[in-house]
Amino acid sequence: MNHTGTPPFSCTFTPGLATILNQLSCSLAITTYQAGKLIFLSADEKGGVRQLPRDFKRAMGLAIEGNRMAIATEDEVVVLSNAPALAAAYPNKPAFYDQFYVPRACYYTGAIDLHDIGWDRQGRLWVVNTLFSCLCVLSDQFSFVPQWTPPFINKFTSEDYCHLNGMAMVDGTPRYVTMFGKSNTSKGWRDGIESGGLIIDVVSNTVVSSGLPMPHSPRWIRNELYCLLSATGELVRINTSNGSYDIVSHHNGFVRGLASYGDYVFVGLSKNREKTSVERQLPVAEKSMECGVDVVHLATGAITGSVRYLNSTEEVYDVQVLPFAKRPGILNHTTSTHRKALHTPAGCFWAEEK
């Protein structure tokens with residue numbers, strides 16, 4: 001069906017999506033690097049959904065902790081802070097938003113193919129540096145500071161040896177990572193991509209699970225390890241003792257982006273990139289692939305709600321939850337509006353136009 005005449009980011013959704021978001025008193029934050037957007041998705045007062053897209057070039061990994069949010073983009077990581085008091089006098093839409101994120105810092109990493117990101121208990125921002133096959137922390141002195149590299153890689157170089165992509169934080173420490181293959185050569189992970197994926201415990205440097213079909217988005221949920229198998233469209237629970245896994249749910253899309261809240265998890269879906277030979281022949285491509293988010297009841301594996309995009313975006317990278325947010329707002333760092341948003345420990349102010 002052709003949806004070119006519909007407004008940008010038009011979507012369909014099931015009634016269950018708005019019900020669950022209202023029940024949980026939360027909103028979703030979705031990154032789509034293909035469209036270069038961060039999208040806030042919320043339930044409205046009429047049982048529908050509202051969206052707020054903002055430009056962030058090649059938006060990838062997303063971290064939300066307390067009042068902070070960090071977004072990995074094409075060549076930088078932008079850190080924002082939630083300042084609800086600014087929303088009351090926001091010139092474009094006063095007294096509407098109940099949360100309001102404004103840019104506060106930017107790390108200029110360079111184009112290192114950033115993927116997952118997250119804060120540790122010391123407040124350091126960790127990123128998955130896919131180009132250099134390592135985990136690193138961000139610094140105000142360097143592009144990045146490497147902290148961990150898979151044990152089978154013996155050279156520090158910008159050649160994406162294993163396609164390191166996902167990171168699970170456990171008790172405020174990076175613990176588990178996903179990658180596409182055990183390779184020590186440039187792009188060597190492309191060989192056997194449908195069954196060469198690994199999960200490694202970065203503390204013990206041991207392989208937790210292997211033979212995985214393109215694993216993404218490892219997450220530690222209720223003291224168990226979950227991840228997404230993108231090539232088969234599955235959410236799985238990993239047995240960290242023997243490497244086996246149980247399938248929790250099946251999805252019609254290249255799954256990537258996973259967040260948990262309450263009794264539910266939110267799974268991002270992407271369409272198949274038909275022009276990319278690596279992904280064209282994947283098992284999930286045999287399904288009717290869709291772009292959007294599925295809501296899964298974790299205990300039963302039932303898909304209880306979903307949203308599907310009709311245009312403007314075909315790929316989702318990350319999905320995160322904004323707790324206690326019914327109408328979240330955000331300013332990006334590419335327009336001048338954020339420069340007038342003054343957020344201080346003593347209060348919030350909007351600078352006057354000169």
Side-chain angles (χ1 to χ4, degrees), residues 1-4 6-13 28-41 49 51-63 71-75 111-117 128 130-131 160 163-166 178 180 189-190 193-194 197 213-219 227-235 250-259 265-295 306-320 332:
M1 184 179 296
N2 191 339
H3 299 288
T4 55
T6 55
F9 299 98
S10 293
C11 62
T12 61
F13 59 91
L28 300 182
I30 304 166
T31 58
T32 164
Y33 59 91
Q34 166 256 328
K37 302 286 185 182
L38 168 69
I39 302 172
F40 283 172
L41 184 70
V49 298
Q51 298 185 87
L52 180 62
R54 287 286 185 262
D55 292 337
F56 288 92
K57 191 173 183 181
R58 200 173 186 271
M60 293 282 285
L62 183 64
I71 306 169
T73 69
E74 183 175 52
D75 51 17
I112 56 176
D113 198 11
L114 293 160
H115 278 63
D116 282 8
I117 61 177
V128 176
T130 302
L131 186 63
D160 185 8
H163 205 69
L164 186 69
N165 59 60
T178 50
F180 281 1
W189 52 270
R190 292 177 179 268
I193 191 172
E194 291 184 24
M214 300 178 73
H216 273 104
S217 309
R219 302 290 185 260
C227 83
L228 298 174
L229 303 182
S230 302
T232 53
E234 296 166 334
L235 166 65
H250 298 268
H251 303 269
N252 292 332
F254 185 92
V255 287
R256 183 177 45 199
L258 177 63
V265 294
F266 300 87
V267 178
L269 287 78
S270 299
K271 293 182 178 180
N272 195 37
R273 292 184 286 181
E274 296 180 357
K275 295 181 181 179
T276 304
S277 59
V278 169
E279 297 189 11
R280 188 181 304 141
Q281 304 300 326
L282 300 182
V284 71
E286 299 175 1
K287 306 177 183 180
S288 177
M289 296 182 70
E290 301 168 311
C291 176
V293 177
D294 280 344
V295 187
S306 64
V307 59
R308 294 291 183 269
Y309 284 99
L310 304 178
N311 60 16
S312 301
T313 183
E314 297 184 350
E315 299 183 64
V316 167
Y317 180 77
D318 210 352
V319 180
Q320 294 293 335
N332 62 18

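FYI, the numbering just counts along the sequence from 1. As the structure is a computational prediction, the values presented were derived from the model and not from experiment.
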Review point. With distance as the sole test, does N311 use its side chain to make a donor-acceptor pair with the main-chain N or O of P7 at under 3.5 Å?
Key: yes

Practice item. With sequence neighbours left out, write down each residue that passes side-chain contact (heavy atoms from CB on, under 4.5 Å) with Q51, or none if nothing qualifies. Key: F9, C11, I39, L41, Y309

Point to revise | A111 versus L131, closest heavy-atom pair with distance | key: O-CD2, 3.6 Å

Check your understanding: At what distance, to the nearest 0.5 angstrom, does CG of L228 lie from CE of M214?
Key -> 12.0 Å

Check your understanding: Does any non-hydrogen side-chain atom of F56 lie less than 4.5 Å from one of T31?
Key -> no

Practice item. With S230 as reference, evaluate R256, H251, H216 under the side-chain hydrogen bond (donor to acceptor under 3.5 Å, both in side chains) test and give the passing residue. Key: H216

**Study point:** Shortest non-hydrogen contact from G253 toward L269
**Key:** N-CD2, 3.9 Å

Check your understanding: Which heavy-atom pair separates T178 from S217 by the least distance, and what is that distance?
Key -> OG1-N, 4.2 Å

Exercise for review: Anything under 30° is parallel, anything over 60° is perpendicular, the rest tilted; go ahead and classify H163 against W189.
Suggested key: tilted

**Study point:** Pairwise distance CG(D75) to NZ(K57) - rounded to 0.5 angstrom
**Key:** 7.0 Å

Review point. Are any of the side-chain heavy atoms of F40 and P53 separated by less than 4.5 Å?
Key: no

Point to revise | Option among R58, E315, E74 that satisfies the side-chain hydrogen bond (donor to acceptor under 3.5 Å, both in side chains) test with Y33 | key: E315

Practice item. Output the distance between atom NZ (K37) and atom CG (N332), rounded to the nearest 0.5 Å. Key: 8.5 Å

Review point. Taking the side chain as C-beta and beyond, is there a heavy-atom pair between D116 and P218 under 4.5 Å?
Key: yes

Point to revise | P215 versus C227, closest heavy-atom pair with distance | key: CB-SG, 4.4 Å

Review point. Which pair of non-hydrogen atoms, one from L282 and one from E194, has the smallest distance, and what is that distance?
Key: CD2-CG, 4.0 Å

Review point. Are the side chains of M289 and N252 in touch, meaning some heavy atoms are under 4.5 Å apart?
Key: no

Review point. For L164, does its backbone N or O pair with a side-chain atom of T130 as donor and acceptor, under 3.5 Å?
Key: yes

**Study point:** L235: which of L258, V255, L229, D294 passes side chain to side chain contact (heavy atoms under 4.5 Å, CB included)
**Key:** L258

Review point. For the side chain of S10 and the backbone of L310, is there at least one donor-acceptor N/O pair under 3.5 Å apart?
Key: no

Revision key, fill the gap. Looking only at heavy atoms, the pair that brings I117 and G61 closest together is CD1-O, 3.5 Å

Exercise for review: Examine distances only and state if a side-chain atom of T313 and a backbone atom of A35 form a donor-acceptor pair shorter than 3.5 Å.
Suggested key: no

